[in-house]
Amino acid sequence: MEGTAEERLRWLCDRAEVMDTVLRFALALDTHDWPMLRGCLADAVEVDYSAFRNEPPGTLTAGEFVARRASALAGLRMQHLSTNHLVEIDRDAATCRSCYVIHRVHPGLPEGENTLDTAGHYVHRLARTGGDWRITGIVQTLLWSRGNPRVHAALHAAPRESS
């Protein structure tokens with residue numbers, strides 16, 4: 001990277017803060033920490049989860065996003081693994097491309113029917129707002145899934161086979 005030592009240091013700090021925001025987002029989903037999740041989001045978030053569930057892309061308020069996640073993930077035990085973060089920064093805008101594996105277990109379902117694992121790629125767009133990086137956009141690309149789609153409440157209305 002070119003630039004002064006101060007510019008390179010600022011870029012490294014911004015990169016770490018962008019990655020931390022994406023990782024906090026995943027941790028908040030796993031721990032059902034809805035205030036933490038809200039703190040990762042801008043006031044409006046463009047979302048595209050259409051590769052995983054039958055929802056068209058759209059824009060949600062942060063409150064709507066959190067409420068939908070809280071409802072869809074109620075009762076689940078999850079672990080989001082987030083790797084291979086590639087961060088691009090242009091002043092107060094950033095993009096973080098990453099890989100994911102998400103393990104889900106629904107303790108209320110019978111053994112053998114209570115898991116759903118998925119893997120793919122995320123693109124998180126972020127903006128610096130009030131000194132903090134906030135997620136303004138999320139695109140999830142599903143590469144594969146295995147297990148019972150009914151584990152995830154967002155898939156109940158339109159269950160899908162492995163994608």
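Here, residue 1 is the first one in the sequence, and each next residue gets the next number. Every heavy atom of this structure was used, including side-chain atoms; hydrogens, water molecules and symmetry mates were not.
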**Q** Evaluate the side-chain proximity of Leu29 to His80: yes if any heavy-atom separation is below 4.5 Å, no if none is.
**A**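 Answer yes - side chains close enough.
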**Q** For Asp92 versus Arg128, what's the shortest heavy-atom pair and its separation?
**A**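 Smallest heavy-atom distance, with atoms named: OD1-NE, 2.6 Å.
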**Q** Just wondering, do Arg77 and Pro107 contact through their side chains at under 4.5 Å, heavy atoms?
**A**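 The answer is yes, as the side chains (C-beta and beyond) meet within the 4.5 Å cut-off.
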**Q** Which atom pair, heavy atoms only, marks the closest approach of Leu116 to Asn148?
**A**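 What the structure gives for the nearest pair is CB-O, 3.6 Å.
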**Q** When you compare the side chain of Thr59 with that of Val45, does any pair of heavy atoms fall below 4.5 Å?
**A**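 Contact flag for Val45/Thr59 side chains = no.
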**Q** Measure the shortest side-chain to side-chain distance between His106 and Glu113 over non-hydrogen atoms and say whether it is less than 4.5 angstrom.
**A**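 His106 does not reach Glu113 side chain to side chain.
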**Q** Quick one, Arg69 and Leu37 - any side-chain contact, counting heavy atoms below 4.5 Å?
**A**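 In contact.
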**Q** Consider only side-chain heavy atoms of I, L, V, M, F, W and Y, link residues closer than 4.5 Å, and tell whether Leu81 and Leu142 are in one cluster.
**A**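 No, Leu81 and Leu142 fall in different hydrophobic clusters.
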**Q** What pair of heavy atoms forms the shortest contact from Tyr122 to Gln140, and how long is it?
**A**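 In terms of heavy atoms, the two residues are closest at OH-NE2, 3.2 Å.
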**Q** Is it possible for you to check whether Arg68 lies under 6.0 Å from the centre of the six-membered ring of Phe65, through NZ or CZ, and within 45° of that ring's axis?
**A**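 Ring-cation test returns no.
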**Q** Is there a donor-acceptor contact under 3.5 Å linking the side chains of Arg24 and Thr21?
**A**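 Short answer, yes.
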**Q** Do His103 and Asp117 have a side chain donor and acceptor closer than 3.5 Å?
**A**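 Yes.
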**Q** Would you say Thr118 and Arg104 are linked by a side-chain donor-acceptor pair, where the criterion is simply a distance under 3.5 Å?
**A**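 Their side chains do contain a donor-acceptor pair, which is all the 3.5 Å distance test asks for.
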**Q** Minimum heavy-atom separation for Leu76 and Val151, please, with both atom names.
**A**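 Closest approach of Leu76 to Val151, heavy atoms only: CD2-O, 3.3 Å.
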**Q** Is the side chain of Thr4 donor-acceptor paired with the backbone N or O of Glu7 at a distance under 3.5 Å, no angle test?
**A**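 Looks like yes, one N/O pair under 3.5 Å.
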**Q** If you compare all heavy atoms of Leu73 against all heavy atoms of His152, which two are closest, and at what distance to 0.1 Å?
**A**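 Heavy-atom minimum between the residues: CD2-NE2, 3.6 Å.
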**Q** Are a donor atom and an acceptor atom from the side chains of Ser50 and Asp48 found within less than 3.5 Å of each other?
**A**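 A donor-acceptor contact under 3.5 Å links the two side chains.
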**Q** Just verifying a value: how many Å separate Thr95 OG1 and Leu86 CG, rounded to the nearest 0.5 Å?
**A**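 It is 11.0 Å, given to the nearest 0.5 Å.
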**Q** Going from CE on Met36 to CG on Leu41, what distance comes out if it is rounded to the nearest 0.5 angstrom?
**A**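 Met36 CE to Leu41 CG: 12.0 Å, rounded to 0.5 Å.
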**Q** Side chains of Arg10 and Asp14: closer than 4.5 Å at any heavy-atom pair?
**A**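 Arg10 reaches Asp14 side chain to side chain.
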**Q** Could you state whether Leu12 and Leu126 fall into the same hydrophobic cluster, counting links through intermediate Ile, Leu, Val, Met, Phe, Trp or Tyr residues with side-chain heavy atoms under 4.5 angstrom apart?
**A**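 They do share one cluster, since a chain of ILVMFWY contacts under 4.5 Å joins Leu12 to Leu126.
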**Q** For residues Tyr100 and Ser82, determine if any side-chain heavy atom of one lies less than 4.5 Å from a side-chain heavy atom of the other.
**A**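 They are not in contact (no side-chain heavy atoms under 4.5 Å apart), so the answer is no.
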**Q** Under a 4.5 Å side-chain heavy-atom rule over Ile, Leu, Val, Met, Phe, Trp and Tyr, are Ile89 and Leu23 clustered together?
**A**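 Per the 4.5 Å side-chain linkage, Ile89 and Leu23 are not co-clustered.
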**Q** Kindly state whether the ring of His124 and the ring of Phe25 have centres lying under 6.0 angstrom apart.
**A**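 Yes - the distance between ring centres of His124 and Phe25 falls below the 6.0 Å cut-off.
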**Q** If only side-chain N and O atoms count, and only distance matters, is there a donor-acceptor pair under 3.5 Å linking Tyr49 with Glu55?
**A**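 Per modelled atom types, Glu55 and Tyr49 side chains form no pair under 3.5 Å.
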**Q** Could you tell me which non-hydrogen atom of His32 sits nearest to which non-hydrogen atom of Ala74, and how far apart they are?
**A**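 For His32 versus Ala74, the nearest heavy atoms are CE1-CA, 4.5 Å.
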**Q** Pair Arg38, Asp33 - check salt bridge (Lys or Arg N to Asp or Glu O under 4.0 Å), show working.
**A** CA-CA 9 Å; Arg38 174 59 184 96; Asp33 186 334; over 6 Å; no
**Q** Spell out, yes or no, whether Val87 and Leu27 are grouped together once hydrophobic residues are joined by side-chain heavy atoms under 4.5 Å, including indirect joins.
**A**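 No; tracing contacts between hydrophobic side chains, which count when under 4.5 Å, never links both residues.
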**Q** I need the Ile102 CD1 to Met78 CE distance, nearest 0.5 Å.
**A**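 Ile102 CD1 to Met78 CE: 8.0 Å, rounded to 0.5 Å.
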**Q** Kindly determine whether Arg125 and Ile135 satisfy side-chain contact (heavy atoms from CB on, under 4.5 Å), including the steps that lead there.
**A** CA-CA 6 Å; Arg125 289 186 318 281; Ile135 296 169; over 6 Å; no
**Q** Report yes if some heavy atom in the side chain of Asn84 is under 4.5 Å from a heavy atom in the side chain of Ser98; otherwise report no.
**A**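 Side-chain contact under 4.5 Å: no.
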